[in-house]
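Read the numbers this way: they start at 1 and go in the same order the structure lists the ligands and their atoms.
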Amino acid sequence: MWDVLVIGGGPAGVVAAMRAGDLGARTALVTEGEFGGMAANDGPVPVRTLAHAARLLRDARQIGRYGIQVDEPRLDYSQLLERVREVVREVRSHSTFRSQTDSAGVQVHENAGMARFADPHTVVTASGLTLKSDKFILCPGGTSRRLSVPGADLTATHSDAWGLSSVPPSIIVIGGGATGAQVASVFNAFGAKIQLFQSGPRILPTEDEDVSAAVATAFRESGIDVRENFGTIDSFEKTPAGIRMNFSRNGTPESTEATLAVVAIGWVANTSELELSKAGVEINARGFISVDEYLRTSAANVFAAGDVTGRLMLVPQAIQDGFVAATNAVRGAEMKLLDQPAPIGSFTDPEYAQVGLTESRAREKHDIATARLDFDSTTRTIIDGRTAGFCKLIVDRTTRKILGCHVVGERAVEITQLAAVAMTGNLRVDDLAQVPLSFPTYAGILGRVAGMLARQLNLNLDWQGNRA
Ligand SMILES: Cc1cc2nc3c(=O)[nH]c(=O)nc-3n(C[C@H](O)[C@H](O)[C@H](O)COP(=O)(O)OP(=O)(O)OC[C@H]3O[C@@H](n4cnc5c(N)ncnc54)[C@H](O)[C@@H]3O)c2cc1C
């Protein structure tokens, strides 16, 4: 009998197991596949590697502007996929998580197949293990939501797209959120003809409106056919060259064809195999496991962490969840989830990122001031030939606190990390403006926007703010 059994070996599960072990609980972790979960094997690591290759292609095309002569770059996709596999192996072998989990005394069962509850204290796995435990922490993550229209089985998910042996000539991408935008951007860079279908009025609907608009414009300029408000999908059919999507808009039937259709319309929790009812664990209307702020489920001995709870589905949040859930599972409910600024970004081309409130959300509750600096007027972006994009900062006029930061363009994700630190440290915008950030840097752009706001608000600065 274990004190704590963790189900799922992604970032949430690994940190939960490590923390439970560190707190002295006799802990086991069981996971269907490889240690590391989606983050290492099918999510950020492989996707970033492909996105990096897309950047290298772009940079290689720019190199002539700097007087360096090279031939037009050509992509060998199978060699790139070998590099992706190599990176995944390398990241895994250099990860300290495995040794830390071992040193915490956790017994790890990898490649155990799907685990399911047999009763409130017993879990069995497809590989034939039977594990009994006092407490459980459920970290099974999620998978791509599928469409339920005729012919949906002919479509692919982002995982299938990464696994292709060659770049398809054309791709229909359904869903203009973070995953769909990444698939569209990466394969566009690799030479596929992309149609990006978004059911709502704008792609990246959870981003600030300015960000959605700028990325949509940049996508169009790079050759992606962006189709917002496209209507509803009726069916898919096989064609000699690939797939046809039939859809209707305001009652008018339309269709389009491509070699491949990739569906990226959201995420569903991996709960169907767990037989949660045998443990008394309830799911919410969205299909995710219901948890409170201590990550307790409806069953007193069961906690849940990571994507399966359906909140911000990102690695840093999964890691925090794992820590909180394990602390509460071992010590009793004592640690609440932190409500803190969470930077979110994506490595599309152009890159985009955010932290805090969008401008429209901020206006609902605050008297705000905003400033926006376009990348065509900042020194570093001009040096690097990366003048597309902007940095926008939103502050509360009364408290001068930073409410949100939204960036499109080179190093957008890195710039918002700095804004997140400023927000977490409760810096006022004039405090941020007076940090002598290095010149000429991308971080310095944020300092300069802070300086613009301080000036707009007539705040006295000890000096005249940054140059970037
Ligand atoms: C294309 C893509 C790109 C992404 N990019 C980023 C990014 O740039 N930055 C970022 O922070 N996040 C990114 N994410 C999200 C990130 O990968 C997830 O938020 C994170 O992996 C969630 O961790 P987790 O531990 O909750 O679940 P997972 O990493 O999904 O791990 C869950 C594990 O549990 C196993 N499992 C499931 N059911 C069972 C069962 N019944 N029994 C046993 N084992 C089971 C699964 O096989 C899996 O190994 C991306 C995701 C995708 C799809």
Subject >> Near ligand 1, at a heavy-atom separation below 4.0 Å: residues by chain and residue number >> reply: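 For ligand 1, the residues that come within the 4.0 Å heavy-atom cutoff are Ile7, Gly8, Gly9, Gly10, Pro11, Ala12, Thr31, Glu32, Gly37, Met38, Ala39, Gly43, Pro44, Val47, Arg48, Gly113, Met114, Ala115, Cys139, Pro140, Gly141, His158, Trp267, Asn270, Leu274, Gly306, Asp307, Met313, Leu314, Val315, Pro316, Ala318.
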Should we say atom [atom1] of [X] is surrounded by more than 12 heavy atoms from elsewhere, each under 6.0 Å from it?
X      : atom1 : answer
Glu334 : CD    : yes
Glu282 : CD    : no
Asp153 : CG    : yes

Subject >> Partner set under side chain to side chain contact (heavy atoms under 4.5 Å, CB included) for Arg26, not counting sequence neighbours >> reply: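 With sequence neighbours excluded, Arg26 shows a side chain to side chain contact (heavy atoms under 4.5 Å, CB included) to Trp2, Asp3, given in chain and number order.
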Subject >> From CA spacing to verdict: ring-ring contact (aromatic ring centres under 6.0 Å, His included), Phe136, Phe117 >> reply: CA-CA 10 Å; Phe136 294 86; Phe117 280 101; 5.0 Å; yes
Subject >> Non-hydrogen atoms of Thr416 and Ala353 that approach each other most closely >> reply: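 Result for this residue pair: OG1-CB, 3.4 Å.
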